[in-house]
Amino acid sequence: MNASSPAEQIKQLRDQINYHLYRYHVLDAPVISDAEYDALYNELKALEQAHPDLVTADSPTQRAGAQPLDAFTKVTHPAPILSLANVFDAEGLVGWRARIGRLLPDPDAHLDYVVEPKIDGLTVVLTYENGRFTQGATRGNGEIGEDITPNLRTLRALPQRIPIAALQSEIPNPKSKIPSYLVVRGEAFFPLDKFEAFNLARMEAGEAAYMNPRNAASGSLRQLDSSITAARPLTLFCYDIVAWSGGDVPGTQWERLQYLRDLGFPTSPDNEYCPNLDAVAEAYGRWDTKRNNLNYEVDGIVVKINDRALADSLGFVGKDPRGALAMKFPAQEKTTKLLEVAVNVGRTGVLAPNAVLEPVEIGGVIVRNATLHNYDEIARKDIRVGDTVIVKRAGEVIPYIIGPVTDLRDGSEQPITPPERCPFCDAPVTQVPGEVAIYCDNPACPEQLVRRVEYFVSRGAMDIDSFGAQTAVLLYQQGLIHDVADIYYLKKEDLLALEGFKDKKVDNLLAGVEASKARPPERLLTALGIRFVGNVVAGLLIGQLGGIDELAAASAEQLQEIEGIGPQTAVSVTDWFADERNQHLLEKLRAAGLQFAVKKTAVDDSTPQPLAGLTFVITGTLPSLSRDEARALIEQHGGKVTGSVSGNTSYLLAGEKAGSKLTKAQQLNVPILDEAALRQMLTG
Ligand code: IVH
């Protein structure tokens, strides 16, 4: 950075960071690596720490959350936040068009439309004054909502200023056109690919699972403590401008969506322009399958007359504007019989009830199991074995039971009682006061061990591909593992004696185990499965302290001083390290040669830089390097690694099971390397 004033440096960094957040969260096309992003962020953070007077609420560093509130304040919306009339088929669509026709001078006038996904999230109303985000509210009753500004500030997809600096030049006459007061409506939601893992972590921590992604979004946004919201992966799509003054906005819905995007707001990439009503009906047909392939839940499409002046002139019926319509999809719910309740034991010992169902087809998939979340939930809904139950399946989310159909009972149904003993080890169960979960408290429970091993070797942890859940079960049954560290002491001859374990399979397994010893300490910490310590927290702890031993030596008070570490996590960590059995486990892992401290990779000027000026994208599974290791290797030799393939990509480094990035690279004629070819480039 040049020798400009701190204020200027801070401004430049914020603009850069906002640009990269936009590339990542809005365009889904990052141009720098996560590490490069972190470097910019840390530079800004350091400058702000040195100049606290220059910290502003809209700085990207303030996304970790603000002081907790005592209550939400009420805000009156500048215009009613309307709802939508529903139809359920193409007939309903034609009926709507006919009703509109009767209000038009020419009933058969040609109209065009925009079709948008009807996102099943939580409506948010976002106010911008002079380009700054000043207020965010819930819909409430449509007239009065709740002020959740600090929570919304934590969403990385939400622009704090508009237009974001990087886009200023792309807007014609920005100063004259952008309204000085602009209120945008959008839908905040919990991405489906994050929901399962998030809920699982909650259950394992003894907290109640969220019923569905919608509840998770709403529960996350209605937090008085915005640091809780900040820790959740919420994101948002915007679709309307509710009010504006001091400038103009485009007159058609299609242009408004583009305009929102130009200002830096995220909009759904799945919005469609439809030149006539047939195109709308056709889109509805396509969407019924498309809905299952999205990373957010949709319960229908929204059809909007493209000409906004015309649409608005049609007025409303109650709270429903006539100029727009929701076309709902058939619910992905079916009824079936609850045959029995199986119990799963997680790696932390939580006993989770799981419904065994009479198989039923829902949205093209045969459903045999569904989650019942926890025993409180079962009691609350009075679900019984033998009941006919309503099962819901949505996208990637594990099917769940909405409730029983009590009218269909014949008296033979059996109430469900929580188990008193662990079904796997027969230890008595325990319950922590204030938590809904029940636990198997036996650290030697075989099922818990298998689950811990499964987690230890999983992708985000030690990432040992060759090691599946079945391997874990088998090794336990054969008495070859008693704790996770035992996987580093497996002997070839013992493995060869197992059924189905041929030479090659054993070699693969052992090579995978061996390679995992080089994983950085934050991965190891994640893999240990300490409550509340996932990837992100592990990264924070090791980043601050430098290694596992430093962490083991820290007090709960010291840990809480680290940004992002709360009291619950701090105590969970210190309790874990205080347990002798865990100390023993750590020594076993250390003796096996695992990485306990961050490797110092000081930039050594003497390292040859054959990759200087080259940009790489990594995809698929490489034979010996993890992605992080490949990235580190490239960066050590002067290269850059980015997340997506573009015209600026020099090489795609591709391993097995490469997907869309490979296709993209082939389309753009980007040369493709395998790991061996990369190593050759490094050596000369
Ligand atoms: S337009 C006048 N567009 O669906 C504008 N709504 O039943 C009325 N929703 O509460 C809303 N995605 O929260 C609109 N692309 C979209 C939407 C959408 C989701 C929600 C919205 C509203 C409900 C209407």
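Just follow the structure's listing: the first ligand is 1, and inside any ligand the first atom is 1.
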- Query: Is there a donor-acceptor contact under 3.5 Å linking the side chains of Q253 and E116?
  - Reply: yes
- Task: List for me each residue that meets ring-ring contact (aromatic ring centres under 6.0 Å, His included) alongside F133, sequence neighbours excluded, and say none if there are none.
- Result: Y128
- Any salt bridge between K392 and E297, counting N to O under 4.0 Å? yes
- Message: Is the distance from the ring center of F189 to that of F237 below 6.0 Å?
- Response: yes
- Note on the structure: Pocket residues around ligand 1 (non-hydrogen, under 4.0 Å) come out as L82, S83, L84, E116, P117, K118, I119, T123, R185, E187, Y239, V302, K304, P321
- Note on the structure: Applied to residues 87-102, the salt bridge (Lys or Arg N to Asp or Glu O under 4.0 Å) test, sequence neighbours excluded, yields none
- For F532, check ring-ring contact (aromatic ring centres under 6.0 Å, His included) against everything at least two apart and list the hits. none
